[in-house]
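What follows is a single structure, written as structure tokens, with notes after it.
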Amino acid sequence: MSEYITLKDNRDFSRLYKRGKSFVSPVLVTYILKNKSDNLRFGITTGKKVGKAVKRTRARRVIRAAYYELYPNIKSGYDFVFVARGKTPYAKSQTICCAMKKHLKAAGVLKEG
RNA sequence: UGAGUGUAUUGAACAGCUGCGGGCAAAAUCCGAAAGGAUUUGUGCGAGGAAAGUCCGGGCUUCACAGAGCAAUAAUAACGGCUAACGGCCGCCGGGGGCGACCCCAGGGAUAGUGCAACAGAAAAUUACCGCCAAUUUUAUUGGUAAGGAUGGAAAGGUGAGGUAAGAGCUCACCGGAGGACGGGAGACCGCCCUGCCGUGUAAACCCUAUUUGAAGCAACACCGUGGUAGGACAUAUAACGCUUGCUCGGCGUGUCCUUAGGAGGUGGCAUCGAGCAGUUUUGGUAACAAACUGCCAAGAUAGAUGGCUGUUCACGACAGAACCCGGCUUACAGAUACAGUCACACC
RNA sequence: GCACCCGUGGCGGAACUGGCAGACGCGUAUGGUUCAGGUCCAUAUUUUCGAGAGGAAGUGCAGGUUCAAUUCCUGUCGGGUGCA
């Protein structure tokens, strides 16, 4: 089993869309909500608007890579949902990583230092 | 040299660091009574020619089934072969296109029947409006006639000659079509001869003929299956509480165990053996393909694995991501390479 | 995986037994009515060439059948629906 926990149920996604804080940038949308456990959980949404299968997988991979890079610096006890947008498959991972860092910083879930 | 045709192959390469999903191996640690599981380490593997569209054909699975028939807005449609099978492929015939290499074609039946052919035109399937000819009589009527005019996509085989009152396959020659005989071919069909003069088109209108199709699909299906549901057995101080009638008895709810089917979830199906892939190979065949020999078979997830960063090279990278598995078809696609023909120009 | 439906002017939506494509409504533009606006009335309104008369193209796209296709057939692209 991997150390990364993913969200699977539609229930969890809808809860984040409804009650979570959202942050928007041209390549990424982030929803953040506290959960009751000590774990960090995340999910990725790539809708039909992003493109066909190749573009959707590409978007998913880039977002996942960015999340793995930031993972050690995130405080525990939060759920995240990342939504890909039309430009995501064409962006470099550093761009995504920058955007995600900005979002998480604004939400105050990054560890100090 | 330029233009164009067909067939086949290929679908950027290399190195380092760091990640992801399976397989195998052994050791160590942890959990567990055990079976086993988790972590770490090593090793090797990890998207396509279309993985796509889901348009066909199978394998596999479950259901149905004595045999036959009917139905279906079902599919196919010259002939011969190949194939496990096909609506696919190869060859060939007929038709069409191109100077040519070559390419394209749903290509059965209209004397089984029914329907339709707008407008125009006299008439759209047994047709006479104008015209032509004859007769009567007188300026109209009757009869003959499909050569000419006009309409139309299409006007009753076409062209020419004879013939006639005028005309007409009425007669003849050639062409086209139909029927028949002979010859060639495995066959579609082709060649040639004779008869003879024939009511148009549409079946991608209904239809007729021939052939094929039992139904559904891996979310199939098989196994396990907390809770809850249904059925049965037992238990109880005949205890407590609630309901059933105010009371008593009785019954139900209650507890334990067993059984049937089964939703969520899990495991198998599922991935190394198959109609498998490859070959400057051999044999048969024009070819599709078949046979023999040699070699190789390491994606297998379950919210769904190939990413990120750095560097180098070049033609600066298109279309695009496996989801039970195969054989085709169709569609998308930057380019690169090889082979075999063709045409034009120039030179020898 | 299986079954099926729909694409027509700027928008909705007719024309479906093959026979003049754009009926009808909305919107838009111009003019009239009004002191002004609305309402109402009239005209125009697929694109393109043309001074005009008129010509050409055109029913998602590409082909085919037919004398003739929005209609019939095949392929394809896009959008949508149902079942498991």
Side-chain angles (χ1 to χ4, degrees):
Chain A
M1 275 292 143
S2 166
E3 56 181 315
Y4 308 109
I5 302 167
T6 54
L7 297 172
K8 288 168 186 143
D9 290 350
N10 190 31
R11 206 176 41 237
D12 295 332
F13 279 87
S14 353
R15 202 185 65 237
L16 270 120
Y17 292 144
K18 256 188 186 171
R19 298 196 205 146
K21 278 187 180 175
S22 65
F23 302 87
V24 182
S25 63
V27 293
L28 188 73
V29 180
T30 311
Y31 291 88
I32 301 178
L33 191 67
K34 261 193 183 173
N35 64 16
K36 287 169 189 169
S37 67
D38 283 343
N39 298 322
L40 270 176
R41 304 191 299 173
F42 81 108
I44 303 171
T45 301
T46 48
K48 243 182 190 175
K49 271 189 187 172
V50 175
K52 293 199 173 180
V54 171
K55 286 177 185 167
R56 290 206 299 269
T57 30
R58 160 85 192 164
R60 238 184 351 257
R61 283 165 183 166
V62 171
I63 291 171
R64 201 184 297 137
Y67 177 76
Y68 287 169
E69 197 156 310
L70 293 173
Y71 178 76
N73 297 322
I74 303 174
K75 295 181 190 167
S76 58
Y78 291 93
D79 286 349
F80 305 97
V81 165
F82 304 105
V83 180
R85 310 191 76 189
K87 287 182 181 171
T88 308
Y90 303 102
K92 287 200 111 185
S93 76
Q94 290 162 327
T95 319
I96 309 284
C97 195
C98 260
M100 192 182 285
K101 208 170 187 178
K102 222 168 142 190
H103 292 174
L104 299 184
K105 213 171 198 175
V109 299
L110 285 181
K111 289 175 185 168
E112 297 304 318

Watson-Crick or G-U wobble partner of [N], both distances under 3.5 Å:
N	result
B/rG225	none
B/rA323	none
B/rG88	B/rC82
B/rA8	B/rU337
C/rA15	none
B/rC14	B/rG311
B/rC234	B/rG255
B/rU171	B/rA161

Length of the line joining [X]:[atom1] and [N]:[atom2], which is rounded to integer Å:
X	N	atom1	atom2	value
A/M100	B/rG308	CE	C1'	13 Å
A/R61	B/rA303	CZ	C1'	15 Å
A/F42	B/rA303	CZ	P	13 Å

Would you measure the distance from the [atom1] atom in [N] across to the matching atom in [M] and give it in whole Å?
N	M	atom1	result
B/rG108	B/rG11	P	44 Å
B/rC270	B/rG255	C1'	46 Å
B/rA154	B/rG158	P	15 Å
B/rC104	B/rU302	C1'	48 Å
B/rA112	B/rA166	C1'	43 Å

I want to check something: taking the side chain as every heavy atom from C-beta on, are [X] and [Y] in contact at a cut-off of under 4.5 Å?
X	Y	result
A/Y67	A/F80	yes
A/L28	A/T88	no
A/F13	A/V83	no
A/D79	A/I32	no

Listed nucleotide nearest any side-chain atom of [X], set [options]:
X	options	value
A/V62	B/rA320, B/rG308, B/rA305	B/rG308
A/Y68	B/rG308, B/rC309, B/rG19	B/rG19
A/Q94	B/rA305, B/rU310, B/rG308	B/rU310

Any idea if [N] is syn or anti, going by the 90°-from-0 cut?
N	answer
B/rA74	anti
C/rG9	syn
B/rG341	syn
C/rC6	anti
B/rG214	anti

Can you label the angle between the A/F23 ring and the A/H103 ring as parallel, tilted or perpendicular, going by 30° and 60°?
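Ring orientation of A/F23 relative to A/H103: parallel.
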Can A/Y31 and A/T45 be counted as having a side-chain donor-acceptor contact under 3.5 angstrom?
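Per modelled atom types, A/Y31 and A/T45 side chains form no pair under 3.5 Å.
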What I want to check is whether an N or O donor and acceptor connect the side chain of A/R64 with the base of B/rG19 at under 3.5 Å.
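When only heavy-atom distances are counted, A/R64 does not reach the base of B/rG19 through any donor-acceptor pair under 3.5 Å.
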What nucleic acid atoms does A/R56 come within less than 4.0 Å of, heavy atoms only: base, sugar-phosphate, or nothing?
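No contact at all - A/R56 keeps every heavy atom at 4.0 Å or more from the nucleic acid.
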By nearest heavy atom, map A/F13 and A/A65 onto RNA chain B; which one lands nearer the 5' end?
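This one resolves to A/F13.
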